[in-house]
Amino acid sequence: NSNSGNNSVSGEFRMEWMPGSSLNIIFRPSFQISRNHSDSNSDQVTFNEDPYLATDMTDILGEYGFLPDTLMDRIGVNSQRSYNHSKTGNNQISGEFQFNKRFNDEGRNFTVRFTFGATKGTNDSYSYSDQKYYQPETKSRSRVQKRYNASPTDNSNWSGRVMWSEPIDSGRGNLQFSYQIQVNNRNQNRETYDFTKMDNDYWYRDWALPDNWLDYRSDSLSRKATNVSRNHTFTLQFRYNFVNSNINIGINFMPQYTGMDNFQYMGKVIGDTSRVVYNWSPSINYRYRFDRQKSLQFTMRTNTSQPSMEDMMDIVDNTNPLNIRKGNPGLLPTLRNTAEVNYQNYITETQKTINIRVSLENSLRNVTQKTDYDPTTGVSVTQPINMEGFWTNWSTSGNLTYNQTIPNTKWRYNASANGSYRHQESYMSTGRIGQYNPGAGTGGAAVLSSTNTISAGENASVTYRNQWLEVTANG
């Protein structure tokens, strides 16, 4: 069960100055103030036998607490009853400045763009968890956990871009070069206060902090880290118009620096950690025009992305004893490829429009979460890993659109059809199905699974339109 609420107010301003026909200056500042709160509670229990066969229960979550201890010691693995409360408040400002100078009508331009943003606020969360283990070898791990987390928000970012466009062959072609820098600073500080020893079994009713709540600060659960990233993007793009076609070829080269200063978590102090990676992203776009109404376009793009610093940290997070998370220092970058073909045709005599699009996309070394489950304790351990293989994650899609206006009438009809296929491989946790664990004693290692998704759809509509009325029927 959960409930939440939010309130926000925002505003923006735009100023544009054109001292001449070839010069344009724009400034756009904005702000946002938001306040949010939420409350939730949950109940879960895991068995090593089918509880519907071992007992006469019909409402598992509502009745398992009344079962005899001897029965739960035999069929129960663990249970957890949780209550959570959170409240956040953020103040955000941002802005954009752009300067553009046009030197001639053939396409020689110089552009400077600068953006900035800053967010400050608070994020307070409260949690109460009653965890019970029923097997003899794990009973000692049962406990009630009460925690308060104070996570202030203090983030800032800015970016700058310089771009020069140079016409080629009397404006038939264009060569464009740009450089962009993006800087992000993010503080990930969290002060955790552990009230497990506090004598208040109903703390979740009012979430009131004791007078000496500062004395409950936990050094091992609190976290401090400052993340700094500096991303540089060098772009070279060439465009040229032929008699019946045009081509656009570009490449992005992106050196990226990511640093984490003074990382402290789970009792570990990790010194300044930094990483420098080099990503690249080529692209090609070719369009052939059979005539003024008919064209065929081909587009292909490739880009790389890096795993997050948090996923690569060699730490173990057991904040939730039933769901432990681990980092993976060996994660590799993800490579994504996309290809698309688009056909367009407008037949003037019959006022028909036909559009056909087909696309193909795949990802190499996609990052997924692998979860292993221990059937004896009911504990899950999750760790990010790279998927191996060229076709582990790929998809294709296509759609057809047909539109026609009936000549000399005010009627128009439209029909479309689309379909897609997606193949995705990931690791699936075994040993636990809902509340019943049939694999007790045999282990619960994650296994490789494949998900294939096929979708199809169609739509048709008829529209009547005159000077004062437009009516459309869809089906």
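This is a predicted model, so every value here is computed, not measured.
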Would you call E12 and R28 a salt bridge, taking side-chain N to carboxylate O under 4.0 Å as the test?
->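 No, this pair does not count.
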Any non-hydrogen side-chain atom of [X] less than 4.5 Å from a side-chain atom of [Y]?
X	Y	answer
Y216	P210	yes
Y148	L209	yes
T353	N345	no
N285	Q297	yes

Verify the neighbour count for atom [atom1] of [X]: are there more than 12 heavy atoms of other residues, nucleotides or ligands below 6.0 Å?
X	atom1	result
F234	CZ	yes
R14	CZ	yes
D211	CG	no
K120	NZ	no
D199	CG	no
W391	CH2	yes

* Cation over ring, K370 on Y427, under 6.0 Å and within 45°? ->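 Yes, a cation-pi geometry holds between K370 and Y427.
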R217 to Y193, cation-pi by 6.0 Å centre distance and 45° axis angle: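 Not flagged: R217 not positioned over aromatic ring of Y193.
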| With ring centroids as reference points, do W203 and Y83 lie under 6.0 angstrom apart? |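 Between W203 and Y83, the centre distance exceeds or equals 6.0 Å.
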Task: Partners meeting salt bridge (charged side-chain N to carboxylate O under 4.0 Å, His left out) with K87 (sequence neighbours left out) - done: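 Here no residue qualifies.
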- Message: Using 30° and 60° as the class boundaries, would you call the ring planes of Y240 and F238 parallel, tilted or perpendicular?
- Response: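 Because their plane-to-plane angle is under 30°, the rings of Y240 and F238 count as parallel.
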side-chain contact (heavy atoms from CB on, under 4.5 Å) partner of N36, chosen from N90, N123, N6, N7 =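 Among the candidates, only N6 passes.
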How would you list all residue pairs meeting ring-ring contact (aromatic ring centres under 6.0 Å, His included) that involve residues 90-109, not counting sequence neighbours?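 Checked against ring-ring contact (aromatic ring centres under 6.0 Å, His included) - neighbours excluded - the pairs reaching residues 90-109 are F103-W164.
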### Message
Can you list everything that forms a side chain to side chain contact (heavy atoms under 4.5 Å, CB included) with V144? Sequence neighbours excluded, please.
### Response
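V144 satisfies side chain to side chain contact (heavy atoms under 4.5 Å, CB included) with Y128, D130, K146 only.
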>> Apply side chain to side chain donor-acceptor pair (under 3.5 Å) to residues T401 and S416 and explain how you reach the verdict.
In response: CA-CA 4 Å; T401 302; S416 65; 5.2 Å; no
